[in-house]
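Reckoned from all heavy atoms, side chains included, excluding hydrogens, waters and symmetry mates. Numbers restart at 1 for each chain; the letters A, B, ... are given by sequence-line order, proteins then strands.
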Amino acid sequence: MNLMFEPLRKKLTLPLLKAIQNCGVMSSSEEIYKFLVEPPNPDMGQLAFGCFVVSKNLKKAPAVAAVEIKNQLEKIEGVDSVEAAGPYLNFKFSSQFLAESILIPILNKKTFSENLVVDAPKTMIEYSQPNTHKELHVGHMRNLCLGDALVRLLRRSYGNNQIISSTFPGDVGTHVAKCLWYIKNHIGLNILDQKRNSPDRGEWLGQMYSAGNIKLEDEAIVPEKFEKNKKELTLILKQLESASGEFYDLWKETREWSIQLMQKTYVWADVTFDKWYWESDVDADSVRTIKKYFAEGKLVESQGAIGLDFDFTTETQKEKLGFCLLLKSDGTGLYATKDIELARRKFEDYKIEKSIYVVDQRQALHFKQVFRSLLHLGFEQAKDCFHLQYNFVELPDGAMSSRKGNIVPLMLLVEKMQNHVRTEYLSRYESEWSADELNSVAACVAKGAIKYGMLRQDTNKKIVFDMNEWLKLDGESGPFIQYSYARINSLIKKINISIDGGVDKNFDGGLLIHSSEIKLMQHLMNFNTQILLSAENYKPASLCTYLYETAKKFNSFYHDCSISQAETIELKKARLALAMSTGEILKQGLSLLGIPVPERM
RNA sequence: GCGGCCGUAGUUCAGCUGGAUAGAAUACAACACUACGAAUGUUGGGGUCCCAGGUUCGAAUCCUGGCGGCCGCACCA
């Protein structure tokens, strides 16, 4: 259940409820809280109540209802004026009240610790399902950034203990076989002695996979070669399955190389998982589980295979999800087989009530079938399983595919971005800052650029990745927000005044009357509402927009209202408090997106 | 054929659980640094919100039907 935590809205609910009841209409605080919106123009006030709901019950025009409610409204402390403007009641708060109820909780950090929701469900978020023996590319970056931001947003909203993050790497399967096949048949196993000590052995495996795939596709048109290759691949897969033989040993060793490369990426992204589910671990059990369900009569047989049919029409039901195949006619499992077993483990091992899967949109039907199957098998939690689908990252000349080998490796983007930031923007500090600081700031800004770029766009729109466009860093970007933060930070250091008794105590908020100051405060007011909205709608992109607007509103304030040149020391203190609050919001907000801030840049 | 997602300024996108005059960025034009950091700010032009119906006091937003693009639909993952 969501709490009413936003102080300005909360302030108006009770007086409004009373006034509406005096007009003879029943309502509730929750309803009123929900219908309080921001006027289009901040000069009209900070909050507006649309009288449409009331007018319906009153059977009067909304504008008439607005006037009637206004007449019933008692004086509210902190509210300077109430105006009926057409169907709306506009409330203008005093600067004093705005500063007290918005800035002070930010400065004493209450804003960042108060509860937003009670009775939140225990939730698992699975994201990043990388394959070993392949290299992560910029497409995987979208998944990683999205999943991580969701974990952070939901932890803030639901509480840290309610959220479990997990990953499900694919460390077995035909892609592994293809990679090993190519090394053995076309490179020779001797090379491994040399690769063992090579720093790029993980990347190299990815290249071997691509090369193997291309080779196999080329040779598939010659029937003899096709048959020979198929036999060799089957042999490899059999060895992996039986956990013995030279390919099994090879797999065990090379798997580690890939995992180390993944870890490197996760370290870069500041991502950690509470639980790693390995495909190799789930694989065998999944087939056993499905066979058990079949023996219990919960599944059907069709054309020698086993699964569930969700394509039927009866008098009461209509389903068009197709046939969900769970066991092939040769008795082996499929992707869906593993996902059923995986879900079972999540439900039973962690007692989760809600399960989120961050996977690209091509899997939409797959997850519909899996969730439907889980429900059929008696898992009520399936109703709270959610597939967060996102669209692909493409290159300007089309789709990216590690099979074809036309990928932009994820760490290449990171490297290019860091170098770019270092040479184009930070070179001016070359003589002033230490090399360590230059490097760490470049890394921080690059991270901001990449993560923000991946998150700012709505999940169901595709991203066309153009390296040159990404390196531009102007307009709505992560570094724009980081820059605003860095500027606020150095501003605070330079102003060099102290606020008696700490910044959260003694400043006169009543002095903040410039429209840029009011607009900024009004915007800061919505921080927690915005977080909850982003979390519950699974939309980190909306938090991106919010933070970008925060930075822009701060920039306007910065240009309109000088702090160092403020007329009085009191005004200086008040403006400083506003700047500090904004800096805090930017820092905390970015951290929920997984983006750090530099102290200077 | 069936299903999912998308269609808003030249371009990339917000807004979509219905509400006040549809917003940014970019590109283009002009202006503002002896100044708390110009990775900035201010101003300007630029729109049949894919089309047609419907619901409503009110539709970019909801419903129906089209059109266009991408994706998916049984032994791959």
Does a side-chain heavy-atom distance below 4.5 Å link [X] with [Y]?
| X | Y | value |
| --- | --- | --- |
| A/S427 | A/R422 | no |
| A/E536 | A/N2 | yes |
| A/F507 | A/E570 | no |

Given [N], is OP1 or OP2 found less than 4.0 Å from the side-chain N or O atoms of [X]?
| X | N | value |
| --- | --- | --- |
| A/N555 | B/G41 | yes |
| A/R487 | B/A38 | yes |
| A/S55 | B/C57 | no |
| A/K461 | B/A14 | yes |
| A/Y335 | B/A77 | no |
| A/K552 | B/A24 | no |
| A/Y558 | B/A38 | yes |

Between [N] and [M], how far is it from one [atom1] atom to the other, in whole Å?
| N | M | atom1 | result |
| --- | --- | --- | --- |
| B/G37 | B/C33 | C1' | 11 Å |
| B/U21 | B/U17 | C1' | 24 Å |
| B/C28 | B/U11 | C1' | 13 Å |
| B/G1 | B/G66 | P | 10 Å |
| B/G18 | B/A60 | C1' | 11 Å |
| B/C6 | B/U42 | P | 33 Å |
| B/C16 | B/G53 | P | 26 Å |
| B/C51 | B/G69 | C1' | 16 Å |

Which whole-number value in Å describes the distance from [X] [atom1] to [N] [atom2]?
| X | N | atom1 | atom2 | answer |
| --- | --- | --- | --- | --- |
| A/K462 | B/G7 | NZ | P | 13 Å |
| A/E476 | B/U40 | CD | C1' | 16 Å |
| A/R456 | B/A25 | CZ | P | 11 Å |

Problem - A/M601 or A/K56, whichever maps to the more 5' nucleotide of RNA chain B - result: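 Mapping each residue to its closest nucleotide by heavy atoms, the 5'-most match is A/M601.
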
Problem - 5' precedence on RNA chain B between A/F392 and A/L89 (nearest-nucleotide basis) - result: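 The residue closer to the strand's 5' end, by nearest nucleotide, is A/L89.
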
Handout entry: B/G53 pairs with, by Watson-Crick or G-U criteria that keep both distances under 3.5 Å
Key =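 B/G53 is paired, partner B/C63.
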
Exercise for the section: Identify whether any heavy atom of A/K472 sits under 4.0 Å from a base atom; if not, whether one sits that close to sugar-phosphate; answer base, sugar-phosphate or nothing. Expected result: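 Result for A/K472 = nothing.
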
Exercise for the section: For A/A305, report the nucleic acid contact type (base, sugar-phosphate, nothing); a contact means any heavy atom under 4.0 Å. Expected result: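 If one applies the 4.0 Å heavy-atom cut-off, A/A305 turns out to touch a base.
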
Side chain of [X]: nearest nucleotide among [options]?
| X | options | result |
| --- | --- | --- |
| A/F323 | B/A74, B/C36, B/C73 | B/A74 |
| A/H559 | B/C5, B/C76, B/G41 | B/G41 |
| A/Q361 | B/G37, B/C5, B/A25 | B/C5 |
| A/N460 | B/C6, B/A20, B/C2 | B/C6 |
| A/S562 | B/A39, B/C71, B/C36 | B/C36 |
| A/M44 | B/A20, B/U40, B/C36 | B/A20 |
| A/K320 | B/A38, B/G3, B/A20 | B/G3 |
| A/S556 | B/G41, B/A39, B/A20 | B/G41 |
| A/L426 | B/A39, B/U12, B/C73 | B/A39 |
| A/N90 | B/A20, B/G37, B/U42 | B/A20 |

Residues [X] and [Y] bridged, charged N to O under 4.0 Å:
| X | Y | value |
| --- | --- | --- |
| A/K70 | A/E83 | no |
| A/D474 | A/K472 | no |
| A/R9 | A/E6 | yes |

Problem - Pair of N/O donor and acceptor under 3.5 Å linking B/A25 base with A/S477 side chain - result: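 Answer no: no donor N or O sits under 3.5 Å from an acceptor.
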
Handout entry: A/D474 (side chain) and B/A27 (base): donor-acceptor pair under 3.5 Å
Key =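 Per atom types, no contact qualifies.
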
Exercise for the section: Give a yes or no answer on whether the side chain of A/N229 reaches the backbone of A/E219 with a donor-acceptor pair at less than 3.5 Å. Expected result: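 No; zero donor-acceptor contacts below 3.5 Å.
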
Practice task
Report the relative orientation of the aromatic rings in A/H175 and A/H133; use parallel for angles under 30°, tilted for 30 to 60°, perpendicular for over 60°.
Solution key: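 Geometry flag for A/H133 against A/H175: perpendicular rings.
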
